[in-house]
Amino acid sequence: MDGNGRWAAARDLPRTDGHTEGEENLARLVRIAVQRDISHLTVFGFSTENWRRPRPEVRHILGLHEKLFGRVAELNELDVRIQWIGRPFDSREARTPKYVQRAIRKAIADTAHNTGMTLTVAFDYGGRAELVQAVEEARRSPTGITPDSISEHLYLPDLPPVAVLVRTSGERRVSNFLLWQSAGAALHFTETPWPDFGAAELDAALALVPARSV
Ligand code: IPE
Ligand code: MG
């Protein structure tokens, strides 16, 4: 969900306002994705690299994730199940503060019964860290390192392959997102910054998926 800072700068607003609007836009886009009958929507909320940003900005983004995971009533109304993907809270490098952990755990538990779309939020996520852990665990497994055993040891083994990977705000990089899962993904690049990413943009991305497998 890139381009929050630029969206704000274009309006002479502080970057934090761009993040706030970005979180609101995710709530809007989830509704649209549900209307489109998408089975899985995965968004990159915060990367393992994003901790290097200025403290006040990080604090603001953490608060927005607490808000996002607090949208349980809306998610239940939409029959959306929320999941999280990222460095396990008990791993040595994990940095997710306790209050965000609590919000994540509660949202997952309180929407677990929903059977519509699965919304997965990547927070403290990095694709390379995920792969290192998966390969280490695959190596210790009975079959050893195979594509299947690596898939089985990803953070969320049941997350289906990415059908279309969307990159907003003029960036044309993968940036460590779902590296293994995106092996066969179509790529949709747009100049639109995340807070302005709406139904038309989503439809353009979906048009890249041949037999709708999302
Ligand atoms: C994305 O917006 C939000 C996060 C990475 C948390 P940016 O903050 O990267 O926005 P730009 O790239 O500065 O416009
Ligand atoms: Mg950016």
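First listed ligand is number 1; within each ligand, the first listed atom is number 1.
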Residue and atom, protein N/O/S, under 2.8 Å of the Mg ion (ligand 2) |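 Near the Mg ion (ligand 2), the protein supplies Asp2 OD1.
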One line per pair, note the atom names and distance for all nitrogen or oxygen contacts under 3.5 Å between ligand 1 and the protein.
| residue | atom | partner | partner atom | Å |
| --- | --- | --- | --- | --- |
| ligand 1 | 2 (O) | Gly3 | N | 3.4 |
| ligand 1 | 2 (O) | Asn4 | N | 3.2 |
| ligand 1 | 8 (O) | Arg15 | NH2 | 2.7 |
| ligand 1 | 8 (O) | Arg53 | NH1 | 2.6 |
| ligand 1 | 9 (O) | Asp2 | OD1 | 2.8 |
| ligand 1 | 9 (O) | Arg53 | NH2 | 2.9 |
| ligand 1 | 10 (O) | Gly3 | N | 3.4 |
| ligand 1 | 10 (O) | Asn4 | N | 3.1 |
| ligand 1 | 10 (O) | Gly5 | N | 2.9 |
| ligand 1 | 12 (O) | Asp2 | OD1 | 2.9 |
| ligand 1 | 12 (O) | Arg6 | NE | 3.4 |
| ligand 1 | 12 (O) | Arg6 | NH2 | 2.8 |
| ligand 1 | 13 (O) | Arg15 | NH1 | 3.1 |
| ligand 1 | 13 (O) | Arg15 | NH2 | 3.1 |
| ligand 1 | 14 (O) | Gly5 | N | 3.3 |
| ligand 1 | 14 (O) | Arg6 | N | 2.7 |
| ligand 1 | 14 (O) | Arg6 | NE | 2.7 |

Using only heavy-atom distances, determine whether the side chains of [X] and [Y] contain a donor-acceptor pair under 3.5 Å.
X      : Y     : answer
Asp17  : Trp7  : no
Thr111 : Arg81 : no
Asp110 : Asn76 : no

Salt-bridge criterion met for Glu49 and Arg95 (N-O under 4.0 Å) |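 No, Glu49 and Arg95 are not salt-bridged.
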Lys/Arg N to Asp/Glu carboxylate O, Arg6 vs Glu171, below 4.0 Å = yes
Heavy-atom pair of closest approach, residues Val58 and Asn50 =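 For Val58 and Asn50, the tightest heavy-atom pair comes out as CG2-O, 3.7 Å.
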Remaining members of hydrophobic cluster (4.5 Å side-chain criterion), Leu187 = Phe44, Ile85, Tyr125, Leu131, Val135, Ile145, Ile150, Leu154, Tyr155, Leu156, Leu159, Val162, Leu165, Val174, Phe177, Leu178, Leu179, Trp180, Phe189
Which residues pass the side-chain contact (heavy atoms from CB on, under 4.5 Å) test with Lys67, sequence neighbours left out?
-> Glu23, Glu24, Leu64, Arg71
Hey, could you give me the CZ/OG1 distance between Arg167 and Thr192, rounded to the nearest 0.5 Å?
->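 Between atom CZ of Arg167 and atom OG1 of Thr192 there are 13.5 Å.
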